Structures are given as structure tokens and as C-alpha cells.
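Let me begin by presenting the structure, written as C-alpha cells, before commenting on it.
Everything numeric here is computed off the predicted structure, so don't read it as measured data. Heavy atoms only: backbone and side chains are in, while hydrogens, waters and symmetry mates are out.
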Amino acid sequence: QNGDASFSLEEPGRYTMSWTSATNELQGGVGWKGGSPTIVHYSGSFGSGISNSQNLVLSYYGNYIDNSEAFPRPIYLYIIESYGSYNPGNCAGVNLGSYQSDGATYLLRRCEISRPSIPELLTPRYYYAVRTPKKYFGPISGTISFGNHMAAWRGLNVQLTQPINYMIMSTEAYRSSGNSDI
């Protein structure tokens, strides 16, 4: 959205992107259809040369539409590995607990964030699993065992009612400048 940015799909499983501070909002990554208990091993460079004052997020992200209520509700799932000046898990919401996966603690939070509404949909619901400690900028690597997260969420009474549409290893940036090569 606005600004100057580039995104490129490289050899299978790799993406590169860069952006300038004139970029209002940017998201890109590589993903998979469906939300099976995939194990993702990632490595590369995330935000090299960037300080914590920059607003960017590295996450494993997905969504689905929950049809269990009177109107459909978009559900967004984020496993956040790193972030800059803003931790999306600090949104106004409810702490659901914490759990261990892949050598780290994840704090789980549910938020309902109003977006320009679509009359036929309820307010979107976001689940943020935020890695503690977060990964830092520069060379980065890790593992996300999605099945561990799904099992922990069920244990914390998060009901995933529909199949997940897709999951993406994603970089998001807001009014910052930087690059990502994952």
C-alpha cells in the first residue's frame, strides 16, 4: 500500500523483499494451501541493519472463515517469531495462556480488531502466538512445528472450527524501511 517496495519469489521456498519508509503497509511470503501440521524450517536474513524502532513482523500466518455463528467471522492465526517497535500481541484483547514449542515459550492472545466492515461478516478475530524471547534482526533461523501450536491452542480452549485456507511464512512491514530474505 503506497510507497516503494519490491517482492520476488526465488527458488522454491524462498522469497526476498525490500521496502522504503514511504511504504505504508506491505505483506508477502511463501505459503501452503491448507493448515496441516506442517513443520517449517526457515532461515535467511530478516531486517538486517534495522533497529527495534522499525515496525515489521516475521510470522507464520493463516486464516479461515468461521461459520459457526449467525454470521461468518474471519479468523486470523499468527505465530510471531520476530517483531520491531510494535508487538501485535499487545492489541486490546484477552490473554489465553502460554505454552512451549520448538525451544521457546509462546504467549497466546485473542483480539478482535475492527476493520472497515463488510456487512455480511462479524468483526475479525485474531489469535497471536508470540515467541518469547523474540528472534532479532539480521541472520535468522528457526523451526515452527505447527502441529504443536494447534495442540496447544486446543488445550487452551481455542476451537478451530473450519479447515485453515492457507499458511504463509510472511514478512509484514508498516511505515518502515528494510529488507527480508527468507
Using a 3.5 Å distance criterion without hydrogens, assess whether the side chain of Asn95 forms a donor-acceptor pair with backbone atoms of Gly97.
no
Going through the checks in order, is the side-chain hydrogen bond (donor to acceptor under 3.5 Å, both in side chains) test met by Ser145 and Asp102?
CA-CA 7 Å; Ser145 300; Asp102 301 307; 2.8 Å; yes
With a 4.5 Å limit on heavy-atom distance, are the side chains of Met17 and Asn179 in contact?
no
When clusters are formed by joining ILVMFWY residues with side-chain heavy atoms under 4.5 Å apart, either directly or through shared neighbours, do Tyr166 and Val57 land in the same one?
yes
Pairs in or reaching into residues 70-102: which pass disulfide (SG to SG under 2.5 Å), with residues at least two apart or in two chains?
Cys91-Cys111
Go through the steps to decide whether Ser170 and Gln27 satisfy the test side-chain hydrogen bond (donor to acceptor under 3.5 Å, both in side chains), and finish with yes or no.
CA-CA 7 Å; Ser170 167; Gln27 180 177 16; 3.1 Å; yes
Can you give me the closest heavy-atom contact between Ser45 and Ile182, atom names plus distance?
O-CD1, 3.8 Å
For Tyr61, the option from Tyr78, Phe146, Tyr128 that meets ring-ring contact (aromatic ring centres under 6.0 Å, His included):
Tyr78
State, to 0.1 Å, how close Val30 and Gly13 come at their nearest heavy-atom pair, and which atoms those are.
CG1-CA, 4.1 Å
Just wondering, more than 12 heavy atoms not from Ile39 lying within 6.0 Å of its CD1?
no
Taking the basic N atoms (NZ, or NE/NH1/NH2) and the acidic carboxylate oxygens, is any pair closer than 4.0 Å for Arg175 and Glu25?
no
Count I, L, V, M, F, W, Y as connected when their side-chain heavy atoms are under 4.5 Å apart, and connections chain through other members. Are Tyr174 and Leu26 then in the same cluster?
no
Compute both the distance and the angle, then confirm whether Lys134 meets the cation-pi test with Tyr83: under 6.0 Å from the six-membered ring centre, within 45 degrees of the axis.
yes
In short, Tyr106 meets Ile79 closest at the heavy-atom pair CE2-CG2, 3.7 Å
Under a plain distance cut-off of 3.5 Å, with no hydrogens placed, do Thr105 and Ser98 share a side-chain donor-acceptor pair?
no
Hey, are the side chains of Leu56 and Leu58 touching, using non-hydrogen atoms and a 4.5 Å cut-off?
no
Closest non-hydrogen atoms of Gln54 and Ser177, given as atom of the first, atom of the second and distance, are OE1-N, 3.0 Å
Taken in chain and number order and not counting sequence neighbours, the residues that satisfy side-chain hydrogen bond (donor to acceptor under 3.5 Å, both in side chains) with Tyr127 are none
Run the salt-bridge test on Asp66 and Arg125 with the 4.0 Å N-O cut-off and return the result as yes or no.
no
Transitively linked via ILVMFWY side-chain contacts under 4.5 Å: Trp32 with Leu9?
yes
Heavy-atom nearest pair, Met169 first then Tyr15, reads O-CE2, 3.3 Å
Can you name the nearest heavy-atom pair linking Leu96 to Leu156, along with the distance?
O-CD2, 3.4 Å
Could you check whether any side-chain N or O of Arg109 sits under 3.5 Å from a backbone N or O of Gly93, counting only pairs where one atom can act as donor and the other as acceptor?
yes
Determine whether a donor-acceptor pair (N or O, by modelled atom type, separation under 3.5 Å) exists between the side chain of Lys135 and the backbone of Ser141.
yes
Less than 6.0 Å separating the ring centroids of His149 and Tyr60?
no
Please check if the side chain of Asn148 supplies one atom and the backbone of Gln100 the other of a donor-acceptor pair under 3.5 Å.
no
